[in-house]
Each structure stands twice: as structure tokens, then as C-alpha cells.
Amino acid sequence: MTMESKQDNAAILQEAEKRLRRLSPEKLRVVSDFMAYLEEREENEATAELLNIPGFEEALHEALQQAETGEVVPFDSVRRHV
């Protein structure tokens, strides 16, 4: 994210906060529910993107099994070789 887009995001968040503070509790609940919907939709899109990667599901399942059985490499060991 560029510095300009961070500034844009900060300005958008400030404006949104101002608007939220002016809403009635009922309207604030509607906004909160809509934000939760958008957040869930974004998460689902990210999940779908990952699942579209060939072999991702199998690799994830294998990695989870390795973690459960302790077949892992300590992070410090990996970090030393980078």
C-alpha cells in the first residue's frame, strides 16, 4: 500500500467515523450488519481464490496433518537459512 493510499484510507475512515457518530442507534445497527456482510463476503472471495489454486486443498490438508504429528521445522531454523 502506498503512502498516498494510506492517507486516502485514513481520510475515508475519518469521514466514515463522523457519519457513524451522527446516526441513530437503529441505523448504526444496520451499518454494522452491512459491514459484517461485506467483511464475510471479502473473506469468502479470498477463500475461493485460494481454493482455485491447483493442489492448494491437498497441500493444506497435508500441512495440517504434518503439524498435528509434529513433522514441522522450527521457525528459527528456517530463518537462519534466509
Side-chain angles (χ1 to χ4, degrees):
M1 185 179 288
T2 67
M3 183 62 117
E4 185 175 312
S5 64
K6 286 182 183 180
Q7 290 172 341
D8 290 345
N9 282 352
I12 292 168
L13 286 170
Q14 283 181 328
E15 183 62 30
E17 184 178 357
K18 287 178 192 176
R19 290 174 189 240
L20 289 170
R21 292 185 183 281
R22 293 189 297 254
L23 292 176
S24 68
E26 296 81 21
K27 299 289 186 195
L28 193 56
R29 169 57 53 202
V30 171
V31 170
S32 179
D33 290 345
F34 183 66
M35 288 171 35
Y37 160 77
L38 290 176
E39 185 177 37
E40 183 178 324
R41 186 171 170 193
E42 198 165 87
E43 289 170 359
N44 289 341
E45 289 170 359
T47 299
E49 188 176 326
L50 289 173
L51 292 175
N52 283 331
I53 297 171
F56 175 80
E57 229 173 323
E58 295 80 17
L60 176 61
H61 182 67
E62 184 179 331
L64 291 172
Q65 283 183 327
Q66 289 172 338
E68 283 181 16
T69 60
E71 297 176 50
V72 294
V73 176
F75 178 73
D76 291 339
S77 172
V78 174
R79 199 176 83 195
R80 274 188 235 127
H81 294 81
V82 177

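This structure is a prediction, so every number in the text was calculated from the model and none was measured.
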Donor-acceptor contacts, no H, no angles, side chain residues 53-69, under 3.5 Å, sequence neighbours left out:
unit_1 : atom_1 : unit_2 : atom_2 : d
H61    : NE2    : Q65    : NE2    : 3.4
T69    : OG1    : Q65    : O      : 3.1
T69    : OG1    : Q66    : O      : 3.2
T69    : OG1    : E71    : OE2    : 2.9

* To do: Can you run down the salt bridge (charged side-chain N to carboxylate O under 4.0 Å, His left out) pairs that involve residues 43-53, sequence neighbours left out, and say none if there aren't any?
  => R41-E45

* What pairs of residues pass the salt bridge (charged side-chain N to carboxylate O under 4.0 Å, His left out) test when at least one of them lies in residues 24-39, not counting sequence neighbours? -> R29-D33

* **Audit row: Q14, E17, side chain to side chain contact (heavy atoms under 4.5 Å, CB included) steps and yes/no** => CA-CA 5 Å; Q14 283 181 328; E17 184 178 357; 5.6 Å; no

* **Minimum heavy-atom distance between L23 and L28, given as atom pair plus value** => CB-N, 4.2 Å

* Interatomic distance, T2 atom OG1 to D8 atom CG [nearest 0.5 angstrom] -> 7.5 Å

